[in-house]
2 protein chains.
Amino acid sequence: MAEQVETLRRTPLSRDRVLRAAVALADEAGIESLSMRKLAQELGVVPMALYKHVANKDELLDGMIDVVVGEIDPPVAGGGWKRVLRRRILSARQALLRHPWAPIAIESRNQATPAILGYLNSMVGTLRDEGGFSTDLAHHVMHAMGSRILGFSQELFDDSRRAGRSGPADPEPPVGFPAEAAAAFPHLAAIAGAASHDDASVVGPGCDDQFEFEFALDLLLDGIERLRQQGWTSV
Amino acid sequence: MAEQVETLRRTPLSRDRVLRAAVALADEAGIESLSMRKLAQELGVVPMALYKHVANKDELLDGMIDVVVGEIDPPVAGGGWKRVLRRRILSARQALLRHPWAPIAIESRNQATPAILGYLNSMVGTLRDEGGFSTDLAHHVMHAMGSRILGFSQELFDDSRRAGRSGPADPEPPVGFPAEAAAAFPHLAAIAGAASHDDASVVGPGCDDQFEFEFALDLLLDGIERLRQQGWTSV
DNA sequence: AAGGTAGGTGTACGGCGTACACCTGTCAAT
DNA sequence: ATTGACAGGTGTACGCCGTACACCTACCTT
């Protein structure tokens, strides 16, 4: 009877439930501490039970990626190719910001998942249909945008990707620039906003990632528009 | 006596020897199959011996990254900031092409290594000194270039990163586009060069990665030059 | 001769992904 | 009502991983 209660209380596993739990776990604990065993425990189930719903861990990761890609808004038509692309890319960025582990996960897999292919495909479609791009130019544009088209550019300084940021009310840790490094890398220190007054102890405000992302995005989009307008044919 | 021979025959370990062996192992077997145990075996030594030269596996990876970064040619002055940057970035690209595991390794670490900081620092220095960039614009430029500044842009289709390409005389596997996917992703299929004649069985030649890389690089550099010339101040 | 030290060794532990055999409840066909 | 297939959760076990810790040994300094 007690068994019956238990049987009733927990909704049965499903691929979807497994994937969503995995995404949640990676969101809060970081991708590197996501294991089949911890995931199973989270779901109140024995590790091997997961294998009835995903073939192996790699397939689990693929599924997780597809969950994230599925959160990207569909394209909103109107306003020209640049506006459509820009909007959608910023939507993709928001999705990936909610799942800081996703960039590395995506980059580490060596085959694009069907969901990613679908997303890329529709991006090319926008270029072709809304912008009148040649297949060739569209091709190069996709490469030029690189991962930016998926809403992220890997920031070398970014440490928010591997684990949940230590706590909800993290009081803005001084990510500016360690004082002793400022001497060795003066140009970087200047950029980081460390105004080297008497002592190299002042710390800048870090970067406005959103601004930087849009700066680069628009730089690319504008350059591409210029190519398109002059009827790009060859290099 | 036999022991003496053995002692003499094998050069003693050193941090440098460990790092170089690790790089070689990752080059030929893929980063995901690089383990402390295999590395030790390769060096004819017991696993724990490595820990006298590197603190742990993460530090080993950092060291490996620095080996790769160390292979990037120093900047060659002359011809204006764009030329200097372009040359050096293409040199970085060559270094990373020799070590396909490096991009993921670099992106997966959450702190830039000193060697990478030094490289970035000298890049900013080129912008400032040779191009007369403001600190602000130099900052945004660095973000805009993203990982391209390190010689790579993560290609979603690229499968050469995780392991040694199966063999030296690999006869150009048909990476074009699986015929059944062509139907689902027509735009991508068109781009892949799969001329969909009667049957969707034709396969294109893939991408010229070097061309794509330089296309995007020049697109960015030209856009940046335009900003610089018009005396960029704010967005 | 004494003793410190750098560097290689051996053992062991806990965590990982997952193969494989097993059990159990449900449902369709007999 | 009986059967048997089958979907889905279980338990055990294996080999791999990173690495803590105690040890040994050769060499260098004094």
Side-chain angles (χ1 to χ4, degrees), chain A residues 1-23 25-26 29-65 101 104-105 108-110 162-163, chain B residues 1-23 25-26 29-65 101 104-105 108-110 162-163:
Chain A
M1 204 193 290
E3 291 171 8
Q4 184 113 4
V5 170
E6 272 199 21
T7 304
L8 289 178
R9 99 168 331 171
R10 84 158 172 243
T11 35
L13 247 41
S14 73
R15 180 177 165 88
D16 206 69
R17 234 166 72 77
V18 169
L19 291 183
R20 281 213 299 256
V23 167
L25 200 57
I31 190 76
E32 78 286 349
S33 75
L34 167 70
S35 72
M36 299 299 274
R37 293 166 123 104
K38 286 203 197 116
L39 178 54
Q41 189 173 3
E42 200 77 14
L43 288 162
V45 109
V46 94
M48 286 311 293
L50 301 175
Y51 289 83
K52 289 281 150 72
H53 302 277
V54 294
N56 51 47
K57 193 177 181 183
D58 276 0
E59 212 215 65
L60 174 77
L61 286 170
D62 282 350
M64 293 170 64
I65 289 172
W101 46 269
I104 351 126
S108 304
R109 312 233 49 65
N110 38 15
R162 288 182 73 73
Chain B
M1 204 193 292
E3 290 169 8
Q4 183 112 2
V5 170
E6 272 196 21
T7 305
L8 289 179
R9 99 168 328 171
R10 82 158 171 245
T11 35
L13 243 43
S14 74
R15 182 175 163 88
D16 206 69
R17 235 166 71 78
V18 168
L19 292 183
R20 282 214 298 257
V23 167
L25 199 56
I31 190 76
E32 79 285 348
S33 74
L34 167 71
S35 72
M36 298 300 273
R37 295 166 123 101
K38 285 203 198 113
L39 176 55
Q41 189 173 4
E42 201 76 15
L43 288 161
V45 111
V46 93
M48 286 311 291
L50 302 175
Y51 288 83
K52 289 278 152 71
H53 303 277
V54 295
N56 50 47
K57 192 178 181 180
D58 276 0
E59 212 216 66
L60 174 76
L61 285 170
D62 281 350
M64 292 169 65
I65 289 172
W101 47 268
I104 353 126
S108 303
R109 312 233 50 66
N110 38 15
R162 289 182 74 73

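Just so it is clear: chains get the letters A, B, ... in the order the sequence lines come, proteins before strands, and each one is counted from 1.
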Check step by step if side-chain contact (heavy atoms from CB on, under 4.5 Å) holds for B/Val23 and B/Leu19.
-> CA-CA 6 Å; B/Val23 167; B/Leu19 292 183; 5.5 Å; no
Identify each atom pair where a protein N or O and an N or O of nucleotides 10-16 of chain C are less than 3.5 Å apart, giving names and distance.
unit_1, atom_1, unit_2, atom_2, d
C/dC16, OP1, A/Ser35, OG, 3.1

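- Phosphate proximity of D/dG9 to A/His53: present, with a side-chain N or O under 4.0 Å from OP1 or OP2.
- The stretch residues 34-46 of chain A participates, sequence neighbours left out, in no salt bridge (Lys or Arg N to Asp or Glu O under 4.0 Å) pair at all.
- Between B/Lys52 and B/Asn56, the one whose closest nucleotide on DNA chain D sits nearer the 5' end is B/Asn56.
- Across the protein-nucleic acid pair, A/Leu50 atom CG and D/dT10 atom C1' stand 12 Å apart, rounded to whole Å.
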Let me check something: any side-chain donor-acceptor pairs from residues 52-63 of chain B under 3.5 Å, sequence neighbours excluded? List them with distances.
unit_1, atom_1, unit_2, atom_2, d
B/Asn56, OD1, B/Asp58, N, 3.2
B/Asn56, OD1, B/Glu59, N, 3.0
B/Lys57, NZ, B/Leu34, O, 2.8
B/Asp58, OD2, B/Arg109, NH2, 3.3
B/Glu59, OE1, B/Arg15, NH1, 2.7
B/Asp62, OD1, B/Arg109, NE, 2.5

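- Rounded to whole Å, atom P of D/dG9 lies 17 Å from atom CD of A/Gln41.
- At whole-Å resolution of the value, CG in B/Leu60 and C1' in D/dT19 are 13 Å apart.
- Closest of all the heavy-atom pairs between B/Ser108 and B/Ile104 is OG-O, 2.6 Å.
- B/Arg17 places its CZ atom 13 Å from the C1' atom of C/dG7, with the value rounded to the nearest Å.
- For the residue pair B/Ala40 and B/Pro47, the shortest heavy atom distance occurs at CB-CA, 3.4 Å.
- Heavy atoms only, all atoms of each residue included: B/Met64 and B/Ala26 are closest at CE-CB, 3.7 Å.
- Between A/Leu13 and B/Tyr51, it is A/Leu13 whose nearest contact on DNA chain D lies nearer the 5' terminus.
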